[in-house]
Amino acid sequence: MTIRTLLIANRGEIACRIARTARRLGIRTIAVYSEADAGSLHVESCDEAWPIGAAPARDSYLRGDVILDVAKRAGADAIHPGYGFLSENADFARACAEAGIIFVGPPASAIEAMGSKSAAKQLMEKAKVPLVPGYHGDRQEPAFLERQANRIGYPVLIKASAGGGGKGMKVVEQPADFAAQLASARREASASFGDDKVLIEKYLVRPRHVEIQVFADGHGNCLHLFERDCSVQRRHQKVIEEAPAPGMTGERRREMGDAAVAAARAISYVGAGTVEFIVDAAGDFFFMEMNTRLQVEHPVTEAITGLDLVEWQLHVSAGGTLPLTQDQLRINGHAFEARLYAEDPARGFVPQTGRLAALRFPTEGVRIDTGVREGDTVSVHYDPMIAKLIVHGADRTQALDRLVRALEATRVAGLATNIGFLAALARQPAFASGNVHTGFITEHEA
Ligand code: MV4
């Protein structure tokens with residue numbers, strides 16, 4: 001199989017980034033766009049563009065049926081879903097396959113296997129991937145779950161089985177609070193996911209979030225492209241990511257890499273995926289979830305490996321074998337990514353909308369992934385991310401220095417952004433020391 005025409009079922013920076021690689025590979029690109037995006041950069045970045053509906057995502061970028069129909073009419077051999085939107089929609093992946101169009105992502109069965117946290121944990125347990133002590137079985141009676149919490153030991157965390165990204169999580173400090181927190185977790189899970197099933201875990205205080213990039217082909221090969229540390233988050237929104245993870249040893253990297261590959265193999269994975277772990281103060285690591293898509297922060301992995309992950313995705317989804325073996329991969333230097341958002345730090349980081357009256361980026365020593373240009377409007381309809389700034393250096397100190405410079409040389413006007421917040425974060429001595437964990441922002445906030 002070869003991909004000659006690729007439909008990009010997304011918008012913004014990721015659609016532009018996918019189009020760039022497709023172009024370089026001589027692949028014709030088809031953009032799709034909502035009514036709000038007719039004049040957008042991703043439309044301009046593609047060879048051809050098709051309208052798919054009104055501005056709200058549910059009326060356009062989430063319309064799998066409409067997008068598949070465009071793909072057929074435009075003669076696309078493949079659809080790249082990017083991240084978000086349809087990227088982890090197993091029904092859409094299956095519909096593509098049934099229509100004879102390559103879904104640039106894993107098989108529908110692999111997406112489904114990771115869709116339920118409890119089911120995923122049961123699979124990971126069988127594959128001997130380390131799990132946080134906890135209960136992830138089918139029994140849901142309050143008295144039974146409370147006994148499990150006592151067995152695990154407090155504090156415990158109640159998570160929605162159908163959840164992800166921190167939604168519906170409840171920390172329980174002591175047995176007296178368990179029943180009320182369980183009821184609350186169930187209500188939230190039911191309202192957010194239409195499924196009130198929960199699981200119980202030992203609550204780790206201030207863990208690091210370290211994730212492993214994995215890649216598999218359809219011929220039984222699977223490897224990892226090292227780790228990213230994404231600990232620096234604000235309310236489960238990643239702010240600065242880096243690769244490799246500070247403090248990682250070669251031995252720990254091999255263990256985590258092997259565990260991530262085992263996780264991918266357990267669900268017959270194909271394509272790019274990310275296995276998320278939380279790491280405690282002692283350096284022990286535990287499986288959290290697997291994201292069955294290309295992630296926002298993939299450029300830091302590209303920076304330290306010198307590879308193009310979208311090129312690998314297209315190659316593997318067209319039936320190719322992985323271009324390299326595990327022993328051919330090396331980490332070169334250090335990379336950071338900072339996410340520039342239209343949001344106001346002075347007002348609780350509320351998303352901002354409006355016209356980007358000015359938008360200027362430095363051109364030296366930084367990769368800018370963006371889907372907007374000066375004069376464009378940030379609308380209420382989509383994620384308010386303006387750009388990702390990605391820097392690379394020979395070591396962490398040099399890369400961090402380049403990040404600070406890149407942030408200082410960026411100019412945005414017309415709406416409030418988090419640029420000052422990012423620069424202050426990057427200049428924090430505690431950040432420079434590499435002592436990052438998921439409570440970092442909370443603890444260093446004025
Ligand atoms: C945890 C945890 C501590 N202990 N699980 C948040 C998102 C979801 N993917 C998992 N999360 C967490 N699970 C146990 N058993 C702490 C977090 C957590 C977190 C994890 C990754 C990145 C940022 C975070 C911020 C707060 C809490």
Side-chain angles (χ1 to χ4, degrees), residues 117 120-121 124-125 127-134 136 152-157 159 165-166 169 171 199-214 223-233 236 238-266 273-291 295 297 300-301 304-305 326 329-337 395-397 399-400 425 428-444:
K117 273 199 158 88
K121 289 186 78 174
M124 294 304 110
E125 197 164 38
K128 302 207 160 47
V129 177
L131 300 180
V132 193
H136 47 263
I152 295 160
Y154 285 82
V156 298
L157 191 58
K159 292 184 178 175
M169 295 194 340
V171 181
L199 52 90
I200 316 287
E201 286 178 359
K202 176 84 191 160
Y203 179 62
L204 307 182
V205 182
R206 302 197 325 172
R208 288 178 184 235
H209 169 134
V210 179
E211 56 186 35
I212 305 279
Q213 176 71 56
V214 294
L223 50 71
H224 68 86
L225 298 169
F226 315 111
E227 77 282 0
R228 296 183 286 262
D229 192 315
C230 309
S231 299
V232 180
Q233 313 201 356
H236 304 298
K238 292 172 186 169
V239 175
I240 296 183
E241 302 102 341
E242 61 182 300
M248 184 68 118
T249 63
E251 190 189 352
R252 180 58 45 76
R253 179 172 293 124
R254 262 189 303 280
E255 289 170 3
M256 289 184 81
D258 287 349
V261 167
R265 286 196 183 280
T274 297
V275 183
E276 284 184 24
F277 295 97
I278 49 175
V279 182
D280 68 16
D284 289 324
F285 62 91
F286 308 96
F287 173 83
M288 281 283 101
E289 52 192 72
M290 180 170 181
N291 299 317
Q295 298 207 154
E297 60 272 29
V300 292
T301 299
I304 61 155
T305 59
Q326 190 72 60
L329 296 164
R330 291 284 178 282
I331 296 178
N332 170 29
H334 203 99
F336 285 97
E337 172 180 284
D395 56 26
R396 192 173 186 273
T397 305
L400 188 53
L425 199 58
Q428 279 268 342
F431 188 81
S433 78
N435 181 24
V436 290
H437 52 77
T438 53
F440 188 89
I441 288 178
T442 312
E443 286 174 25
H444 292 87

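What you see below is based on every heavy atom in this structure, not just the backbone, and it leaves out hydrogens, waters and symmetry mates. These figures come from a predicted structure and were not determined experimentally.
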Pro130 side chain near Phe285 side chain, heavy-atom distance below 4.5 Å: yes
Compare all side-chain heavy atoms of His209 with those of Gln233 and state whether any distance is below 4.5 angstrom. yes
The reported gap from CG in Asp258 to NZ in Lys128 (rounded to nearest 0.5 angstrom) is 14.0 Å
Got a sec, which residues hit salt bridge (charged side-chain N to carboxylate O under 4.0 Å, His left out) with Glu201, two or more places apart in sequence or on another chain? Lys121, Lys159
Nearest 0.5 Å please: distance from the CD1 atom of Ile331 over to the CZ atom of Arg253. 3.5 Å
Sequence neighbours excluded, the answer for side chain to side chain contact (heavy atoms under 4.5 Å, CB included) partners of Arg265 is Cys222, Val261
Let me see the working for His136 and Leu131 under side-chain contact (heavy atoms from CB on, under 4.5 Å), right down to the final yes or no. CA-CA 10 Å; His136 47 263; Leu131 300 180; 3.6 Å; yes
Once rounded to the nearest 0.5 Å, what's the spacing between atom CD of Glu337 and atom CD of Gln295? 10.5 Å
Test of understanding: with side-chain hydrogen bond (donor to acceptor under 3.5 Å, both in side chains), list the residues that count as partners of Glu255, not counting sequence neighbours. Arg252
Distance col, row Ile278:CD1 vs Tyr203:OH, nearest 0.5 angstrom, shows 9.0 Å
List for me each residue that meets salt bridge (charged side-chain N to carboxylate O under 4.0 Å, His left out) alongside Glu211, sequence neighbours excluded, and say none if there are none. Arg228, Lys238
With heavy-atom distances below 4.5 Å as the criterion, would you say the side chains of Leu199 and Lys117 are in contact? yes
Any chance the side chains of Asp229 and Ser231 put a donor and an acceptor closer than 3.5 Å? yes
Residue pair Leu225 / Thr301: nearest heavy atoms and the distance that separates them: O-CG2, 3.5 Å
About how many Å separate CG of Leu425 and CD1 of Ile441, when rounded to the nearest 0.5 Å? 5.0 Å
One pair to check against side-chain contact (heavy atoms from CB on, under 4.5 Å): Val132 and Met288. What are the steps and the verdict? CA-CA 8 Å; Val132 193; Met288 281 283 101; 3.7 Å; yes
Chi angles and distances behind the side-chain contact (heavy atoms from CB on, under 4.5 Å) call for Met248, Val210: CA-CA 10 Å; Met248 184 68 118; Val210 179; 4.3 Å; yes
Output the distance between atom CZ (Phe336) and atom CD1 (Ile240), rounded to the nearest 0.5 Å. 7.5 Å
Answer whether the closest heavy-atom distance between the side chains of Gln326 and His224 falls below 4.5 Å. yes
Between Arg208 (side chain only) and Pro246 (backbone N and O only), is there a donor and an acceptor less than 3.5 Å apart? yes
Go through it in stages, so that I can follow the logic: the residues are Leu223 and Val214, the test is side-chain contact (heavy atoms from CB on, under 4.5 Å), and I'd like the CA-CA distance, side-chain angles, deciding distance and then a yes or no. CA-CA 6 Å; Leu223 50 71; Val214 294; over 6 Å; no
Quick one: list whatever passes side-chain hydrogen bond (donor to acceptor under 3.5 Å, both in side chains) with Glu242, sequence neighbours left out. His334, Arg396
Nearest heavy-atom approach of Ile304 to Ala243 is CG2-O, 3.5 Å
Would you say Ile212 and Phe226 make side-chain contact, with heavy atoms under 4.5 Å? no
Hits for side chain to side chain contact (heavy atoms under 4.5 Å, CB included) against Ala266, two or more places apart or cross-chain, chain-then-number order -> Met124, Ala127
Show the nearest heavy-atom pair for residues Gly273 and Met290, with the distance to one decimal. CA-CE, 4.2 Å
Name all residues meeting the side-chain hydrogen bond (donor to acceptor under 3.5 Å, both in side chains) criterion together with Glu443; count only those two or more places apart in sequence or in a different chain, and write none if there are none. Arg206
Is a donor on one side and an acceptor on the other found under 3.5 Å between the side chain of Thr438 and the backbone of Pro207? yes
Who pairs with Phe286 by ring-ring contact (aromatic ring centres under 6.0 Å, His included), at least two apart in sequence or on another chain? none
Who pairs with Ala430 by side chain to side chain contact (heavy atoms under 4.5 Å, CB included), at least two apart in sequence or on another chain? Gln428, Phe440, His444
